[in-house]
Asks: 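My structure is below; once you've seen it, I'll send some questions.
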Amino acid sequence: MTTDSTTSNFIRSIIDEDLKNNTYGGRVHTRFPPEPNGYLHIGHAKSICLNFGLAEDYGGKTNLRFDDTNPVKEEQEYIDAIIEDIRWLGFDWEDRLFYASDYFEQLYEWAVKLIKDGKAYVDDLSAEEIREYRGTLTRPGKNSPYRDRSAAENLDLFARMKAGEFPDGSRVLRAKIDMSSPIINFRDPVLYRILHETHPRTGNEWCIYPMYDWAHGQSDSIEGITHSICTLEFENHRPLYEWLLEQLGVYKPKQIEFARLNLTYTVMSKRKLLKLVKEGYVSGWDDPRMPTIRGLRRRGYTPAAMRKFADMIGVAKANSVVDLEMLEYAIREDLNASAPRAMGVLRPLKITVSNYPEEMVEEFEVPTHPQDKSNTETRVVPFSREIYVEQSDFMEDAPRKFFRLSPGREVRLLGAYYVTCTDVVKDEDDNVTELICTYDPESRGGQSPDGRKVRGTIHWVSARHAVQAEIRLYNHLFTKKNPEEGGGFIQNLNPNSLEIIENAMLEPSLAEAKPGDQFQFMRQGYFAVDSVDSKPGKPVFNRTVSLRDSWKKQQGKK
RNA sequence: UGGGGUGUGGCCAAGUGGACUAAGGCAGCGGACUUUGAAUCCGCCAUUCGGAGGUUCGAAUCCUCCCACCCCAGCCA
C-alpha cells in the first residue's frame, strides 16, 4: 500500500501490523488536531502531510479537528487561517471538520460517570497547593484533603461548577488515580478548570473547560480515530490517554508519537515566532522570512515543494535537526520544472554596444521553458544599443576561469548576440560606470556561423525597455545554525536577512506579472511577485531561493 | 536522584539475527554535457551501526552493564 517514493517508517510498520491483525477492522483514520492559538508553520506541515498522507496511502480518512479547549488563548482568526493554510497545502477533510468543543456535552456526561464510579473528585485546593501536593520527580505526592468526598458531594459541586457558582481557579475536577505514581500524569490530573471566558464557538455556554488530557483521547474515540499521531512530548501522556478511555469503557485508538521538525537557522516554537512578530523583528506572520506556512507561501514556496520536503525528511522518534538545504532543494526541484524563465538584472551595469545602430530595436523570440523540451512556449525580448548586465558579470582584472565580461573578452548575451568588451568607463573615483562593447552581427540568436565557442553566457535587459522593480532578497533569519546558541535567538538575528534592491531592471514581459506569479530569473534564482506590496507599475519580487552557484562556491573556497 | 524516550556517515533516514564487507535523499568532492557556471548525467563519499562485554556458526539487529541527549513536577496543548 505504501508508495515507492516514500521510504518506510515506524508508523507505517505499526499500521501494516494493525491491518494484518485486523485491529481496527481494516480502517486507517487519522486526524490533524491544531489548537487555534497561532499560525501554522512548517513543523505543522510535516504533521499535516504525515496524517493526511498516511490516510491517502492506505485508503483511509483524516479529520481536521480543532483542539479548542482553552478559550483564553484561542481565536476564530486562527481557526480561519489554519483552515486556509491546510487547504492551500492541498489536503481535504471533506465533511469532517470537527472541534473538541463539539463534544463538551458528552465530555461533561462522561465526567459525571467518572465521579459516580469514584474515579474523579472536585478539589478545592488552590493551584499552588495542588502543585505542592503533587510532589516532585523523585518524591511522591500526597493526597488532597478533598480527595475522599462522597460521590454525591462531588456531583453537587461539579454541577455547581458548571452552573457558574464558583470563581475561576477556586475548584477543579480531578481524576482519582495515584498521587505516588512515578508517572506524574497519574498524580490525579486535572480534568476540568473553571474559566469564565467567552469561547470562539460555544460563546458563554460553558464556564468549565476540559483539559487537553480529558478532551483529546475522548475526541479521538468519538471520531473513531485509529492512529492518533502526535509529537514526542505527549509520550508521557499516553498512559493517561489509555487509562481514561479504559475507565469509560469506550473505543480506544492508538496514540503514536514522532519527533517534531527542527530546521537549521530557524526557530519553530509559537512563543518565539510570536515574539518575532510582536516585537517587530519581522513584518508579520506572513513575512517571507518566517517558517510559517503563510510566510513560506508569500516567499514563493509551493504546496508541492512542502509535500516533497515532508516526504524527504521522513518521520522517526529521534530528535533531529534537518538541514535547511533540504527545504531549498525541494523548492528548487519544483520550480525548476515549472517556473517560466525570464531575465532580470539585479544590480545593473550599463553597456553601450558601440557598433549597434542608434535607433535600432530587434525582438528576439526566446523559449520560456528551455529546460522543458516538450514546452515550446516563447516570449519576446527586445534588444537595443544600450543594455544592462549584472555588475557581477564584469571583472576588470579577471582570472582565466572567469567566463564573463572583461576587457577584450567575448561573451554571449543570452538569446541575442556575442559581444566583446572594448572599453571600460569609470568615474573620478575609479568606479566602473559603463562598458563599451562591440557585437558580432553574425552571431544573431547566440551562435556564430564560424562555430567559435564562447564560454560565458550572461543575462541582460534592454535599457529603454526595462521594467524597474523592487526586489527583496532574503537570507537566513539567524546567523547561527542553531539560533539558540550563545545569547539566544534574538541575539542571533541576522541583520542582513532582508536586502532590498530598489531599482532592478527586468525584461518587459514581466510588466504583466501578477501577485503570486513565479519566475526563474535566469542564472539568479526563483522569484515570486509579492502578494502584499506589489502594485501595477511598481512591481515587487521576492526571491524564493537562489539558484545553486558553483562559481560563487569556488570563489568562496579561495 | 523517579518515570518515559532516543542514539546508524556532516545532516535526514532505511534496516526488526544470515544475500549488511549497512538502502535512499540532502550536503560535499571529481568528471561529462551545457545559449542558465542552473538543470541533467556519471563516479566517489560508514570494514561500521553511542561504548564495553556476552550469546550465536553468524548481531546494527538478542542479553548485560555503562555513557550521552531529549521529555515529564501548567487549573497550556
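Letters A, B, ... mirror the listed sequences (proteins, then strands); counts begin at 1. Keep in mind that what you see is a predicted model, and the values were worked out from it rather than measured.
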Asks: Please report the distance separating the C1' of B:A46 from the corresponding atom of B:A27, rounded so that it comes out in whole Å.
Replies: 16 Å
Asks: Using the C1' atom on both, measure B:G2 against B:C12 and round to a whole Å.
Replies: 33 Å
Asks: Using the closest heavy atom to pick a nucleotide of RNA chain B for each, name whichever of A:Ala318 or A:Arg341 lands nearer the 5' end.
Replies: A:Ala318
Asks: Is the charged tip of A:Arg201 near the ring of A:Tyr99: under 6.0 Å from the six-membered ring centre and within 45° of its axis?
Replies: yes
Asks: Under 4.0 angstrom, heavy atoms only, what part of the nucleic acid is A:Gln520 near: base, sugar-phosphate, or nothing?
Replies: base
Asks: Taking CZ from A:Arg187 and P from B:G3, how many angstroms apart are they, rounded to a whole number?
Replies: 12 Å
Asks: With the side chain of A:Ser320 defined as its heavy atoms from C-beta on, choose the nearest nucleotide among B:A73, B:C12, B:A39.
Replies: B:C12
Asks: Describe the nucleic acid contact of A:Tyr329 in one word from base, sugar-phosphate, nothing, applying a heavy-atom distance below 4.0 Å.
Replies: sugar-phosphate
Asks: Kindly compute the distance separating OG (A:Ser144) from CZ (A:Arg149), expressed to the nearest 0.5 Å.
Replies: 7.5 Å
Asks: When all nucleic acid strands are considered with a 4.0 Å heavy-atom cut-off, which category describes A:Glu35: base, sugar-phosphate, or nothing?
Replies: sugar-phosphate
Asks: Using a 4.0 Å heavy-atom cut-off across all strands, classify A:Val454 as base, sugar-phosphate, or nothing.
Replies: nothing
Asks: Does the distance from a Lys or Arg side-chain N to an Asp or Glu carboxylate O, for A:Arg452 and A:Asp440, drop under 4.0 Å?
Replies: yes
Asks: With rounding to whole Å, what would you report as the distance between B:A59 and B:C69 at their C1' atoms?
Replies: 25 Å
Asks: Check if the side chain of A:Asp323 and the base of B:C26 share a donor-acceptor pair of N or O atoms closer than 3.5 Å.
Replies: no
Asks: At under 4.0 Å between heavy atoms, what does A:Ser181 touch on the DNA or RNA strands: base, sugar-phosphate, or nothing?
Replies: nothing
Asks: What nucleic acid atoms does A:Val190 come within less than 4.0 Å of, heavy atoms only: base, sugar-phosphate, or nothing?
Replies: sugar-phosphate
Asks: Closest approach to the side chain of A:Met312, judged atom by atom: which nucleotide of B:A13, B:G25, B:G28 is it?
Replies: B:G25
Asks: Name the closest nucleotide to the A:Ile184 side chain, picking from B:A73, B:C12, B:G4.
Replies: B:A73
Asks: Nearest-Å distance, CZ (A:Arg523) to P (B:G37)?
Replies: 5 Å
Asks: So, OP1 or OP2 of B:C76: does either fall under 4.0 Å of a side-chain N or O from A:Thr69?
Replies: no
Asks: Students often get this wrong, so: under 4.0 angstrom with heavy atoms, is A:Phe234 touching a base, only sugar-phosphate, or nothing?
Replies: base
Asks: If you find the nucleotide of RNA chain B closest to A:Glu333 and the one closest to A:Phe403, which residue's nucleotide is nearer the 5' end?
Replies: A:Phe403
Asks: Is it true that the NZ or CZ of A:Arg65 lies under 6.0 Å from the centre of A:Phe98's six-membered ring and within 45 degrees of the ring axis?
Replies: no
Asks: Say you pick atom P in B:C42 and the same atom in B:U47; how far apart are they, in whole Å?
Replies: 25 Å
Asks: Look at A:Arg131 and B:G74 and indicate whether a side-chain polar atom (N or O) is within less than 4.0 Å of OP1 or OP2.
Replies: yes
Asks: Where the side chain of A:Ala316 is concerned, which of B:A77, B:G15, B:A14 is the nearest nucleotide?
Replies: B:A14
Asks: Check each residue of residues 139-147 of chain A for a non-hydrogen atom within less than 4.0 Å of any atom in RNA chain B, then write out the ones that pass by number, or none.
Replies: none
Asks: Should A:Asp178 and A:Arg187 count as an ion pair when the cut-off is N to O under 4.0 Å?
Replies: no
Asks: For atom C1', what is the distance between B:U8 and B:A14, given to the nearest Å?
Replies: 10 Å
Asks: Would you say the side chain of A:His459 and the base of B:A38 hold a donor-acceptor pair, judged only by whether the two atoms sit under 3.5 Å apart?
Replies: no
Asks: Round to the nearest Å and state the distance from A:Asn336 atom CG to B:A38 atom P.
Replies: 12 Å
Asks: Please indicate yes or no: is the ring centre of A:Trp551 less than 5.5 Å from the centre of the six-membered base ring of B:G37, with the two planes inclined by under 30 degrees?
Replies: yes
Asks: Only one of A:Arg238, A:Arg31, A:Gln255, A:Lys254 passes side chain to side chain donor-acceptor pair (under 3.5 Å) with A:Ser228; say which it is.
Replies: A:Arg31
Asks: So which nucleotide from B:A23, B:A14, B:A27 ends up closest to the side chain of A:Glu325?
Replies: B:A27
Asks: Does a side-chain N or O of A:Arg193 approach OP1 or OP2 of B:A77 to a distance below 4.0 Å, or not?
Replies: yes
Asks: Base, sugar-phosphate, or nothing for A:Leu327, non-hydrogen atoms under 4.0 angstrom?
Replies: nothing
Asks: Remember a base hit wins even if backbone is also touched, and classify A:Arg548 as base, sugar-phosphate or nothing at under 4.0 Å, heavy atoms.
Replies: sugar-phosphate
Asks: Look at the aromatic rings of A:Tyr265 and A:His476 and report parallel, tilted or perpendicular, splitting at 30° and 60°.
Replies: parallel
Asks: Could you tell me if the ring centre of A:Tyr241 sits under 6.0 Å from that of A:Phe234?
Replies: no
Asks: Give the ring-plane orientation class for A:Tyr108 versus A:Phe158, where under 30° counts as parallel, over 60° as perpendicular and anything between as tilted.
Replies: parallel
Asks: Check this one for me: any side-chain N or O of A:Ser550 less than 4.0 Å away from OP1 or OP2 of B:A38?
Replies: yes
Asks: OP1 or OP2 of B:G28 less than 4.0 angstrom from a side-chain nitrogen or oxygen of A:Lys553, does that happen here?
Replies: yes
Asks: I'd like the C1' distance from B:C33 over to B:G43, given in whole Å.
Replies: 15 Å
Asks: So, A:Gln524 versus A:Glu390: side-chain donor-acceptor pair below 3.5 Å or not?
Replies: yes
Asks: Could you tell me the separation between the CG atom of A:Asn262 and the C1' atom of B:C71, rounded to a whole number of Å?
Replies: 13 Å
Asks: Could you identify the nucleotide paired to B:G7, looking across every strand shown and requiring Watson-Crick or G-U wobble geometry with both distances under 3.5 Å?
Replies: B:C67
Asks: Sort out the partner of B:C62 for me: Watson-Crick or G-U wobble, both distances under 3.5 Å, none otherwise.
Replies: B:G54
Asks: Write down the partner of B:G17 under the Watson-Crick or G-U wobble criteria, each distance required to be under 3.5 Å.
Replies: none
Asks: Provide the distance between the two C1' atoms, one in B:U1 and one in B:A73, to the nearest whole Å.
Replies: 14 Å
Asks: Can you find a donor-acceptor N/O pair under 3.5 angstrom joining the side chain of A:Asn236 to the base of B:G3?
Replies: yes
Asks: Within the 4.0 Å heavy-atom criterion, would you say A:His237 contacts the bases, only the backbone, or no part of the nucleic acid?
Replies: base
Asks: Before accepting this row, confirm whether a basic side-chain N of the pair A:Glu328/A:Arg548 lies closer than 4.0 Å to the acidic partner's carboxylate O.
Replies: no
Asks: Using a 4.0 Å heavy-atom cut-off across all strands, classify A:Arg404 as base, sugar-phosphate, or nothing.
Replies: base
Asks: So what does A:Phe309 touch, heavy atoms closer than 4.0 Å: a base, only the sugar-phosphate, or nothing?
Replies: nothing
Asks: Applying ring-ring contact (aromatic ring centres under 6.0 Å, His included), run through A:Phe521 and A:Phe541 and close with a yes or a no.
Replies: CA-CA 11 Å; A:Phe521 289 178; A:Phe541 284 81; 5.4 Å; yes
Asks: Please work out if A:Met211 contacts a base, only the sugar-phosphate, or nothing of the nucleic acid, heavy-atom cut-off 4.0 Å.
Replies: sugar-phosphate
Asks: Is the phosphate of B:G74, meaning OP1 or OP2, less than 4.0 Å from a side-chain N or O of A:Arg134?
Replies: yes
Asks: Any base atoms under 4.0 Å from A:Leu232, or only sugar-phosphate, or nothing? Heavy atoms, all strands.
Replies: nothing
Asks: Which is it for B:G74, anti or syn, if anything within 90° of zero counts as syn?
Replies: syn
Asks: With C1' as the reference atom in both, quote the distance from B:A23 to B:U61 in angstrom, rounded to an integer.
Replies: 16 Å
Asks: Applying the Watson-Crick and G-U wobble criteria at under 3.5 Å, what pairs with B:G30? Answer none if nothing qualifies.
Replies: B:C42
Asks: To the nearest Å, give me how far apart CG (A:Asp549) and C1' (B:A27) are.
Replies: 16 Å
